[in-house]
Amino acid sequence: MTAHSREKLSPPLCFSVLFGPGRGVFCYAVLVLVCVLCYSNSIRGEFVHDDVWAILNNPDVRPGSSLRNIFFNDFWGKRMADNTSHKSYRPLCILTFKLNIALAGMTALHFHVVNVCLHCAVSSLLMYVCERCVFDDSRLAFLSSLLFAVHPIHTEAVSGIVGRADVLACMLFLLAFLSYIRSVGEGYSGKETGITVFGVCVLYDGLVLSHKPLTLLLMGGRARDLPKLFGPFARRSCVVSLYVAVIMSFRIWVMGGSMPLFSEQDNPASFCPHLLTRFLTYLYLLAFNAGLLLAPITLCYDWQVGSIPLVESLWDVRNIATLLLGVVMICLCLYCLTNLQGSQKREVLVGLLFLVFPFIPASNLFFRVGFVVAERILYMPSMGYCILVVQGMNRLCSLVGRWGSTALTVSMLLLLLLFSWKTVQQNEVWLSREALFRSGIQTLPHNAKVHYNYANFLKDQGRNAEAIHHYKTALRLYPQHASAMNNLGTLTHHAEEAEEHYRRALEINPQHNRALFNLGNLLKSQGKEEEAEQLLRDSILFGRHFADAYSSLASLFAEQKRFAEANDIYLQGIENCPDSSDLHNNYGVFLVDTGDSERAAVHYQNAVRLKPTHYVAMVNLGRLLRSSTENKEAESWYKRALQVVRKVEILTPLGALYYNTGRYEEALQVYREAAALQPDSANIWLALAQVLAMAGRTKEAEKMTFGILSKNAGCIECHRLLSAIYSKRGNHNEALQALEKALQLTPSDEAVLAELHFSKGNQLREMNLLDHAFQSYRLAVELNPDQSQAWMNMGGIQHMKGDYPSARLYYQQALQLSPGSKLLKENLAKLDRLERRRVSRYTSILRTIRAKRSRFSEPSPTCFFTQA
């Protein structure tokens, strides 16, 4: 018997005074309009909470990612077979995310619009199902779907983008139910709760579609007729059971045969060793969820860690709610069994089936779940709630008089208005991360998890003092919160205190990979490399997909000159974390340091490909190209990075490129922007002054340099710049005085000190104080033997003084450091010519015995020196 052939009934209905006949397209239009009005304010929301991990940080969602991975990875982009996976299998939902991005980019607005549209579609589909399979009067179907459309419990599923999985599951649940009713027997939901549709279909088939054979049997039918009467139903049940077995087998195979691993803070009751406590708490949670459906007054995005204390005693007053729910459910079941042929039975039965079956996967009855209460899980069960409420109100209207019926109508209207108002208000909570986390603090101040989440947000915003307060509050409420202890350590300014927090976190959870990572980095900075290495190895062991741990361990090996091991760690990390853009960038830096620039460029490009906004990799690639004198390509990468964000660390290398290529006006513009972003940075103002000096605007450069010195009298580079400015003007005495002031500051860096002595030698040479200049050059090469220009200028001085052998030694030393120097080769050639002349003259002297004295005069070379 199909839904089309059932007998039509016309129960009394007081709601007709409000909705009229309620048939046709008009009702669907009103329903969609109400949905849109209720959730119109949600489309302004951003990516919040789980949206960040399921969409922004999910490699499977990114453009260009493999479609195949979607069917083997979980909702967060991790392999389903991985032991650390939550086993949340949502391929259809991930496909819709990819489609969202393909059509409109990574814009939260379009994700929210799709969610609202899907909710409208589900509400309309529910009305259609109720019209065909539940109610005899379409007005009741309209009211049920209207109540469903505005129920505040749906805000997490609709306003939270990741709730799309529940909305899609509900849609496919209804479609599968309709398909079964029409004897198609097809349909598959993409979420755990979706599988329950098959149980609903079989029971609906047995108790509604096939109720006549059961009725005949109860009225005295013959037992031998049972196979004939129940044969079709039995065959359908077997087909459905086989289908369910195939689906479950596939799911277990995809999961790698392992169940998800959860912690005690995820679901405290399931970790309780006392059977009575687990039993009482599980039952009370059923009543608690029913209460959220009945009166959604207190709503929160997270109900973990202390939100709902365990029910540890039979005398706990909350057991009354459990008993009350049990009585109601038993009464409803008995009502269905005692009214097998009544049309009212079908309405109650479908309401019960839609209420109970979708909630079974979240009930802890068959497997442990990773939450205490999750409002989005109630999206599907709320269909049954709405059907039961409307059926109950209609039943009461048929029993009471006119005035009572009017009162119930007003109550129903008031309920719809209250639910609508609450939904609109709750949507505001989901507009931003801060609004969501603050609402959690206000709603459940005794929930450690909401304090922890809010502290994470505050930490990201740089509001460290507030973050520390909420981390400490989370630890006060739940002292075993290892992540809160670890994160608190990252905000501590004292190394000893930070180490204490990390070690306490590891006492709570020895496998906490981030605490292992943080402690390892801390010890590495303290020179305790052996222990740091072991901690970082453990961090990788317990977090195989934690890319930062690979980078940190590889950098430790690189610092120890263990380059082969560092390279192996980077390659291992890239293999296990192929979508980590930071890992590719860091490996590129390592390759540059080890001289493999070609491969480094590839990994920088991979980092940008994986994360198109990775401006650090763009800047690194620009610097690499700049070192290869590919200035145009380098400039394009710097500008591409600036399109992502205007930051000083991007502007300064671009300014240096313009400066070194003589584009001083462009360099000035870039450095001025950088100075506006960081007005307290002396280095940026100094770079700006250097550009002004090279551009011939020496007065501005001098004034700016003195301004820097007024704030930082110990600025050695400022004195060097002043020396260059004075030298350019020909004021060598002032230039020399500026260098003397720089030397009086006694720089600790020998390279800087060598440069100062070299510059001093240049000024002394310009003043024709050659002996003093030679001593300054000698000090320069003693500090930095690789200073080829100093060796060359020392040779030039000896050349001018006629000490050709010494000059040749200094020239040859410089030539070893700068074998391509034309000036050095010319000076050595001049020495050769002079020595040949000297030999020739000595020969003439020997031949001229009568000559008493020979006078030697040699021409001065045109150029012996180089400037800084």
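From a predicted model like this one, the values you see are computed outputs, not experimental measurements.
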- Under the side-chain contact (heavy atoms from CB on, under 4.5 Å) rule, what do His501 and Glu497 come out as? Steps first, then yes or no, please. CA-CA 6 Å; His501 287 307; Glu497 191 176 349; 3.8 Å; yes
Side-chain heavy-atom pair [X], [Y] within 4.5 angstrom cut-off:
| X | Y | answer |
| --- | --- | --- |
| Met329 | Cys331 | no |
| Leu299 | Pro152 | yes |
| Arg433 | Glu46 | yes |
| Leu519 | Glu499 | yes |
| Leu332 | Tyr335 | no |
| Tyr301 | Val450 | yes |
| Leu477 | Thr473 | yes |
| Ile308 | Trp303 | yes |

- Message: Check whether Tyr284 forms a cation-pi arrangement with Arg318 (NZ or CZ under 6.0 Å from the six-membered ring centre, at most 45° off the ring normal).
- Response: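 Judged by the rule (NZ or CZ under 6.0 Å from the ring centre, within 45° of its axis), Arg318 counts as positioned above Tyr284.
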Which heavy atom of [X] sits nearest a heavy atom of [Y], and at what distance?
| X | Y | result |
| --- | --- | --- |
| Leu491 | Asn464 | CD2-OD1, 3.6 Å |
| Ala515 | Asn486 | CA-OD1, 3.2 Å |
| Tyr478 | Ala448 | CB-CB, 3.7 Å |
| Cys38 | Val424 | O-CG2, 3.6 Å |
| Gln511 | Leu516 | C-CD1, 4.4 Å |
| Pro479 | Ile508 | O-CD1, 3.5 Å |

- Residues Leu536, Asn521; criterion side-chain contact (heavy atoms from CB on, under 4.5 Å); working and verdict: CA-CA 8 Å; Leu536 292 173; Asn521 278 342; 4.1 Å; yes
From [atom1] ([X]) to [atom2] ([Y]), nearest 0.5 Å:
| X | Y | atom1 | atom2 | result |
| --- | --- | --- | --- | --- |
| Arg514 | Thr490 | CZ | OG1 | 10.5 Å |
| Lys459 | Ile468 | NZ | CD1 | 10.5 Å |
| Gln426 | Ser439 | CD | OG | 6.5 Å |
| Glu375 | Ile153 | CD | CD1 | 4.5 Å |
| Glu347 | Ser144 | CD | OG | 8.5 Å |
| Arg376 | Glu156 | CZ | CD | 5.0 Å |

Between [X] (side chain only) and [Y] (backbone N and O only), is there a donor and an acceptor less than 3.5 Å apart?
| X | Y | value |
| --- | --- | --- |
| Ser313 | Trp315 | yes |
| Asn289 | Leu285 | yes |
| Lys422 | Ile297 | yes |
| Asn513 | Asp538 | no |
| Ser382 | Tyr385 | no |
| Asp51 | Val48 | yes |
| Asn319 | Asp316 | yes |
| Thr492 | Leu488 | yes |
| Thr443 | Cys300 | no |
| Ser420 | Leu416 | yes |

- Task: Could you tell me whether Glu312 and Arg278 have a side-chain N and a carboxylate O separated by less than 4.0 Å?
- Result: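 Judged by the 4.0 Å cut-off on N to carboxylate O distance, Glu312 and Arg278 do not form a salt bridge.
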- Query: Can you say whether the rings of Phe437 and His49 are parallel (under 30°), tilted (30 to 60°) or perpendicular (over 60°)?
  - Reply: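 The arrangement is perpendicular - the two ring planes meet at more than 60°.
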- Query: Taking the six-membered ring for Trp, are Phe419 and His151 parallel (under 30°), tilted (30 to 60°) or perpendicular (over 60°)?
  - Reply: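 Answer is tilted, since the angle falls between 30° and 60°.
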Hey, are [Y] and [X] close enough side-chain-wise for a donor-acceptor pair under 3.5 Å?
| X | Y | result |
| --- | --- | --- |
| Asn447 | Ser307 | yes |
| Arg164 | Asn115 | yes |
| Ser159 | Asn427 | yes |

- Query: Can you tell which of Lys472, Arg504, Glu500 makes a side-chain contact (heavy atoms from CB on, under 4.5 Å) with Met485?
  - Reply: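 Among the candidates, only Arg504 passes.
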Does the ring centre of [Y] sit less than 6.0 Å away from the ring centre of [X]?
| X | Y | answer |
| --- | --- | --- |
| Trp53 | Phe75 | no |
| His119 | Phe148 | yes |
| Phe173 | Phe354 | yes |

- I would like to know whether Glu434 and Arg463 meet salt bridge (charged side-chain N to carboxylate O under 4.0 Å, His left out); could you show each step before the answer? CA-CA 12 Å; Glu434 182 168 15; Arg463 296 155 62 180; 3.2 Å; yes
- Item | Step-by-step side-chain contact (heavy atoms from CB on, under 4.5 Å) determination, Met383 to Leu174 | CA-CA 10 Å; Met383 294 187 297; Leu174 292 172; 3.7 Å; yes
- Would you sort out whether Phe111 and Phe47 count as a ring-ring contact (aromatic ring centres under 6.0 Å, His included), showing the intermediate values? CA-CA 9 Å; Phe111 281 87; Phe47 294 105; 5.4 Å; yes
- Item | Atom CZ of Phe279: over 12 foreign heavy atoms under 6.0 Å |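 Result for CZ/Phe279: open.
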- So Arg503 and Glu531, salt bridge (charged side-chain N to carboxylate O under 4.0 Å, His left out) or not? Walk me through it. CA-CA 13 Å; Arg503 293 194 184 278; Glu531 187 179 357; 3.0 Å; yes
- Check step by step if ring-ring contact (aromatic ring centres under 6.0 Å, His included) holds for His481 and Tyr452. CA-CA 9 Å; His481 203 309; Tyr452 169 75; 4.5 Å; yes
- Message: Just to verify, what does Tyr39 make a side-chain hydrogen bond (donor to acceptor under 3.5 Å, both in side chains) with, not counting sequence neighbours?
- Response: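 For Tyr39, no residue satisfies side-chain hydrogen bond (donor to acceptor under 3.5 Å, both in side chains) once neighbours in sequence are set aside.
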- Checking side-chain contact (heavy atoms from CB on, under 4.5 Å) for the pair Leu168/Val122: CA distance, chi angles, key distance, verdict? CA-CA 8 Å; Leu168 286 171; Val122 171; over 6 Å; no
- Message: Could you go through His512 and Ser483, starting from their C-alpha distance and side-chain angles, then the distance that decides it, and tell me whether this counts as side chain to side chain donor-acceptor pair (under 3.5 Å)?
- Response: CA-CA 8 Å; His512 197 292; Ser483 295; 3.0 Å; yes
